[in-house]
Novice: 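Sharing a structure, written as structure tokens. Questions coming.
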Amino acid sequence: MDEFSLIDSIKQTYYSQPTLIKGIGDDAAVIRQSASDIVTAVDTFVEGVHFRRDTMEPFHVGFRALAANLSDLAAMGATPAFYLVSIVIPKTWTEIEIAEIFAGMKKMAGKYHMDLIGGDTVSGKELSLSITVIGYVDQDKIRYRHTAKAGDIVFVTGTLGDSQAGFHILTNPSSYDNAAYFIKRHQLPTPQIDFAAHLQKFTRITLNDVSDGIASEAAEIAEASRVTIQLEDNRIPVHETYNQFPSDLQYNWKYFGGEDFELLGTVPSADWSELKSVAKLLPVRITKIGKVINEDTSGKVYINKDGRDYTLPKQGYTHLK
Ligand code: ADP
Ligand code: MG
């Protein structure tokens with residue numbers, strides 16, 4: 001397929017976003033200024049580095065790449081509106097496979113009425129997918145990382161370690177409980193856009209999405225906010241059949257695994273019960289996993305286990321005995 005028939009095939013027949021003036025078809029897209037602030041992010045996914053063809057169908061590659069990007073918008077409290085796709089296509093990928101990548105992105109985009117408004121198509125050695133997302137947020141409802149304060153409750157949505165468990169199942173064939181669940185969490189993750197969109201009533205919430213693992217995400221909040229975070233090991237939410245995996249892998253995945261695309265955040269303790277009610281209505285599982293213990297400049301994260309505090313390294317393994 002040539003570049004032009006690919007562009008024709010992915011061009012939407014109508015657009016959903018009212019602020020769009022010009023989508024695909026000219027030299028650039030045009031969006032009219034709205035009252036909200038614009039939030040934008042880009043992520044790149046390279047074959048062999050960010051995904052493997054033996055564990056991901058082309059549809060999953062597209063779906064998951066856009067999900068990862070949308071997770072960043074969710075962590076800013078933004079509502080997604082547009083995406084642009086720059087793709088490098090090698091000869092080893094068929095037209096049908098490329099179409100499936102776009103179908104995966106379209107499926108994820110459709111959940112949030114996002115429009116595909118542009119991109120670039122070139123040939124090259126490795127498949128590479130670079131997605132730019134654009135969203136909107138009310139000026140006083142942006143969720144930065146630097147707003148956590150001593151006394152805040154630290155919470156996380158969903159369960160952790162599932163994506164890595166799914167990858168483990170795909171790469172270590174054997175018989176597992178709930179294999180389909182874990183594999184789905186790896187291949188077709190759900191960004192917490194709806195949860196983030198329902199936090200309008202809260203004046204101060206800090207958010208970060210779980211792309212690298214909560215150890216890293218918590219450290220980013222702690223550093224940006226200049227506070228210390230203390231997590232409780234026995235509160236970290238995992239799936240009910242998560243304990244089927246070796247215990248060192250359980251620890252590794254839930255703290256350092258990442259790619260669950262859940263949201264880690266902090267909220268003033270006075271707002272915690274209100275936040276739980278909001279989550280319950282959606283419904284989104286949220287769990288209190290710790291607290292912000294003091295304001296200093298260390299940016300440390302402790303994990304409390306059996307009454308003892310261990311320093312949680314920002315990356316890498318921690319061996320809790
Ligand atoms: P130009 O040569 O002016 O850069 P292109 O031929 O690259 O134009 O693209 C034509 C139109 O198709 C533009 O609107 C561009 O944004 C869009 N487009 C090209 N590739 C993609 C893609 N992979 N995904 C979405 N839109 C694309
Ligand atoms: Mg171009």
Side-chain angles (χ1 to χ4, degrees), residues 1-34 36-53 55-74 76 78-136 187-191 193 211 261:
M1 184 175 4
D2 63 41
E3 182 193 335
F4 299 107
S5 41
L6 171 72
I7 295 167
D8 269 350
S9 73
I10 59 178
K11 189 175 168 180
Q12 294 175 202
T13 50
Y14 69 94
Y15 293 103
S16 304
Q17 294 292 328
T19 52
L20 187 71
I21 305 296
K22 182 73 190 177
I24 289 176
D26 213 307
D27 297 309
V30 182
I31 304 163
R32 189 145 290 169
Q33 181 69 45
S34 80
S36 310
D37 281 345
I38 294 167
V39 182
T40 184
V42 61
D43 260 319
T44 301
F45 302 85
V46 178
E47 180 182 349
V49 179
H50 302 99
F51 66 89
R52 285 167 48 169
R53 289 186 81 173
T55 57
M56 296 253 175
E57 297 293 336
F59 184 91
H60 302 140
V61 172
F63 188 98
R64 192 167 178 282
L66 187 55
N69 237 320
L70 291 185
S71 184
D72 283 322
L73 288 192
M76 297 304 281
T79 304
F82 304 109
Y83 65 115
L84 298 96
V85 177
S86 180
I87 187 165
V88 179
I89 306 176
K91 289 198 179 68
T92 49
W93 286 66
T94 67
E95 280 175 29
I96 291 169
E97 288 170 330
I98 299 301
E100 279 297 301
I101 292 177
F102 278 91
M105 286 188 282
K106 193 174 182 179
K107 179 82 182 182
M108 170 69 6
K111 288 181 198 263
Y112 307 108
H113 312 290
M114 295 181 83
D115 291 325
L116 173 60
I117 59 167
D120 202 18
T121 308
V122 296
S123 54
K125 283 212 179 74
E126 264 121 36
L127 190 117
S128 164
L129 188 61
S130 200
I131 307 178
T132 302
V133 286
I134 297 170
Y136 293 115
Q187 294 177 333
L188 300 167
T190 307
I193 291 287
S211 50
F261 303 117

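Atom set for the values below is all heavy atoms of this structure, side chains included, hydrogens, waters and symmetry mates excluded. Here the structure is a predicted model, which means the values were calculated and not measured. We count ligands from 1, going down the list as the structure has it; atoms in each ligand are counted the same way.
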Novice: Quick one: does I101's side chain get under 4.5 Å of L127's, heavy atoms only?
Specialist: yes
Novice: Measure D120 to ligand 1 on non-hydrogen atoms and call it side chain, backbone, both or neither using the 4.0 Å cut-off.
Specialist: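 It is both backbone and side chain that touch ligand 1.
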Novice: Can you check whether T40 reaches F82 side chain to side chain, under 4.5 Å on heavy atoms?
Specialist: no
Novice: Between L6 and ligand 1, find which residue part has any heavy-atom pair under 4.0 Å and reply side chain, backbone, both or neither.
Specialist: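 Near ligand 1, L6 shows nothing, with every heavy atom at 4.0 Å or more.
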Novice: With backbone taken as N, CA, C and O and side chain as the heavy atoms from C-beta onward, which portion of T121 lies under 4.0 Å from ligand 1: side chain, backbone, both, or neither?
Specialist: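 Both backbone and side chain of T121 come within 4.0 Å of ligand 1.
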Novice: Please identify which atoms of ligand 1 are closer than 4.0 Å to at least one heavy atom of D27.
Specialist: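 With D27 as reference, the close atoms of ligand 1 come out as 3 (O).
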Novice: Would you say the side chain of D120 lies within less than 4.5 Å of the side chain of L84, judging by non-hydrogen atoms?
Specialist: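 No; the side chains remain at least 4.5 Å from each other.
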Novice: Report yes if the side chains of H60 and F51 come closer than 4.5 Å at any heavy-atom pair, otherwise no.
Specialist: no
Novice: Which pairs pass side chain to side chain donor-acceptor pair (under 3.5 Å) with one or both residues in residues 101-114, sequence neighbours excluded?
Specialist: none
Novice: Distance-only, no hydrogens or angles: does the Q187 side chain make a donor-acceptor pair with backbone N or O of T55 under 3.5 Å?
Specialist: yes
Novice: Give the single entry among G25, G23, G119 that approaches atom 27 (C) of ligand 1 most closely by any heavy atom.
Specialist: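 Of the listed residues, G119 has the closest heavy atom.
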Novice: Below a 4.0 angstrom heavy-atom separation, can you tell me which part of Y83, side chain or backbone, both or neither, approaches ligand 1?
Specialist: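 For Y83, there is no contact with ligand 1 at all, from either part.
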Novice: So if I count the atoms of ligand 1 from 1 in the order they appear, which ones are less than 4.0 Å from some heavy atom of I87?
Specialist: 23 (N)
Novice: Within a distance under 4.0 Å of any heavy atom of F102, pick out the atoms of ligand 1 and give their elements.
Specialist: 23 (N), 24 (N)
Novice: For atom 26 (N) of ligand 1, tell me which residue out of S130, A29, S86, G118 has the closest non-hydrogen atom.
Specialist: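 The option holding the nearest heavy atom is G118.
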Novice: Pick whichever of D26, V88, I7, I10 has a heavy atom sitting closest to atom 24 (N) of ligand 1.
Specialist: I10
Novice: With no hydrogens and no angle check, is any side-chain donor or acceptor of D115 less than 3.5 Å from a backbone partner on Q17?
Specialist: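 Between the backbone of Q17 and the side chain of D115 there is a qualifying donor-acceptor contact (under 3.5 Å).
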Novice: Which residue from L116, V85, I131 reaches closest to atom 23 (N) of ligand 1 through any of its heavy atoms?
Specialist: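 Nearest option to atom 23 (N) of ligand 1, by heavy atoms: V85.
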Novice: Can you check whether V133 reaches L66 side chain to side chain, under 4.5 Å on heavy atoms?
Specialist: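 Yes, their side chains come closer than 4.5 Å.
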